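Below you'll find the structure, written out as C-alpha cells, and then a few comments.
On a predicted model such as this, the values are computed, not experimentally measured, just so you know.
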Amino acid sequence: MDRRLAAWIPLMLVTTGCLSGGYETQYKQAVERYRSDSQFSLLHAQPVTVAGGRVAVRVPKTFDGQVDGTTPPPRGRPSFLQDVPGFQVGFERAGGGGAPAILSLGVVPKAERRREDVEAAILQQVRADPGRQAAQWGQLREETSRTGQVGRWKVLDVAGLGEVWVSANEEQEFCTVLAWQSASELAPLVARTLEILPPPQPVDPAAAGQPAASQPAAP
C-alpha cells in the first residue's frame, strides 16, 4: 500500500472520531475499500449495457477495439469459441504479432435457453479440439460485488488459451457469458461488476411534454 495512504487513514479516523472503540474495525474497512477501489481502477468507470439495457458490466481499459453483435466471427470471439451463446459485443486488444486478447459478452434470457444447455453448447465447441477433449466445467464459485451482492459462476478453464465464465445465480433472468482469450486474470474483477438492471419504464407522454393520443369520438 502507498505509505502516504497508510499514514493518512489513521489521521482521517482520528478526525472523524473513529478511534474511540472501533478504531481497528474502521481502519481495516478503510484499507479494504482502498484496495477494492484500486482494483476496479483497471476497469472503465462506466459499464457497457447490452440486452436492451438490462445487463451492465464494466470492461478492462486495456481493450482498444470493439465489435457489436452483428459482426460475424471470428472477430470479437475467442479462437476456441466461435459461437458465443447470445453474443452481444466483443472487445479486442492487439497481441503484438500473436493472438489478440479478447473478451466476448453473451446474454441468453432464461426463457429462451437453460443455463445447462448454454454450458453444454460451450463445452461441445471447446472439446471439438482433440487436445481439449478432457475439458470440463469447474465447481461453482462465488464473487462478491462492491455492493456486497454475491454472484455465482461456473468457470471453464481452456488450458493455455483463456476461460469461459457463465453466471449461475439461482432464479436468474439472464444467463451471462464472459468468454476470455488471454487477459483472464481480470475475469473475477469483471464478474464482480455484473448488474441486472430493471426493465425500462414506459414513457408517459404527458410527462415527456408530448400530447396524448386522441381518443375516437363517441358515435
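Atom CD in Glu143 sits 11.5 Å away from atom CG in Leu194 (nearest 0.5 Å).
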Exercise for the section: Would you sort out whether Glu142 and Arg152 count as a side chain to side chain contact (heavy atoms under 4.5 Å, CB included), showing the intermediate values? Expected result: CA-CA 5 Å; Glu142 296 182 342; Arg152 306 176 76 198; 4.2 Å; yes

Practice task
Evaluate the side chain to side chain contact (heavy atoms under 4.5 Å, CB included) criterion for residues Val59 and Gln66: first the C-alpha distance (whole Å), next the side-chain angles of each, then the deciding distance (0.1 Å), finally the verdict.
Solution key: CA-CA 11 Å; Val59 301; Gln66 178 176 335; over 6 Å; no

Practice task
Show your working on side chain to side chain donor-acceptor pair (under 3.5 Å) between Ser167 and Asn169 and close with a plain yes or no.
Solution key: CA-CA 6 Å; Ser167 64; Asn169 299 312; 5.1 Å; no

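The environment of CD in Glu116 is crowded: more than 12 heavy-atom neighbours from other residues, nucleotides or ligands sit within 6.0 Å.
Residues passing the salt bridge (charged side-chain N to carboxylate O under 4.0 Å, His left out) test with Arg54 are Glu173, sequence neighbours excluded. Remark: Glu163 pairs with no residue by the salt bridge (charged side-chain N to carboxylate O under 4.0 Å, His left out) rule, at least two apart or across chains. Residues satisfying the salt bridge (charged side-chain N to carboxylate O under 4.0 Å, His left out) test with Arg75, not counting sequence neighbours, are Glu92.
Both the sub-6.0 Å distance and the 45° axial angle are not jointly satisfied by Arg58 relative to the ring of Phe40.
Sorted by first then second residue, the ring-ring contact (aromatic ring centres under 6.0 Å, His included) pairs that include residues 54-82, not counting sequence neighbours, number zero. For the ring-ring contact (aromatic ring centres under 6.0 Å, His included) condition, the pairs that include at least one residue of residues 106-164, sequence neighbours left out, are Trp153-Trp165.
For the pair Asp83 and Pro73, the minimum side-chain heavy-atom distance is 4.5 Å or more. With contacts defined as side-chain heavy-atom distances shorter than 4.5 Å, the pair Gln82/Pro74 qualifies. Contact of the Ile196 side chain with the Val55 side chain is registered, since non-hydrogen atoms from C-beta on lie closer than 4.5 Å. A heavy-atom distance below 4.5 Å is not found between the side chains of Leu81 and Ser104. Residues Pro47 and Thr193 form no side-chain contact, since every pair of their non-hydrogen atoms from C-beta on lies 4.5 Å or further apart. For the pair Pro60 and Leu43, the minimum side-chain heavy-atom distance is below 4.5 Å.
In terms of modelled atom types and a separation under 3.5 Å, the side chain of Gln133 and the main chain of Asp129 share no donor-acceptor contact. No donor-acceptor pair closer than 3.5 Å links the side chain of Arg93 to the backbone N or O of Asp64.
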Can you give me every donor-acceptor pair (side chain of residues 177-188, partner residue at least two apart or in another chain, under 3.5 Å) with its distance?
residue, atom, partner, partner atom, Å
Gln181, OE1, Ser79, N, 2.7
Gln181, OE1, Ser79, OG, 3.2
Gln181, NE2, Pro100, O, 2.7

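Residues Val190 and Val155 share a hydrophobic cluster, clusters being chains of Ile/Leu/Val/Met/Phe/Trp/Tyr side chains in contact below 4.5 Å.
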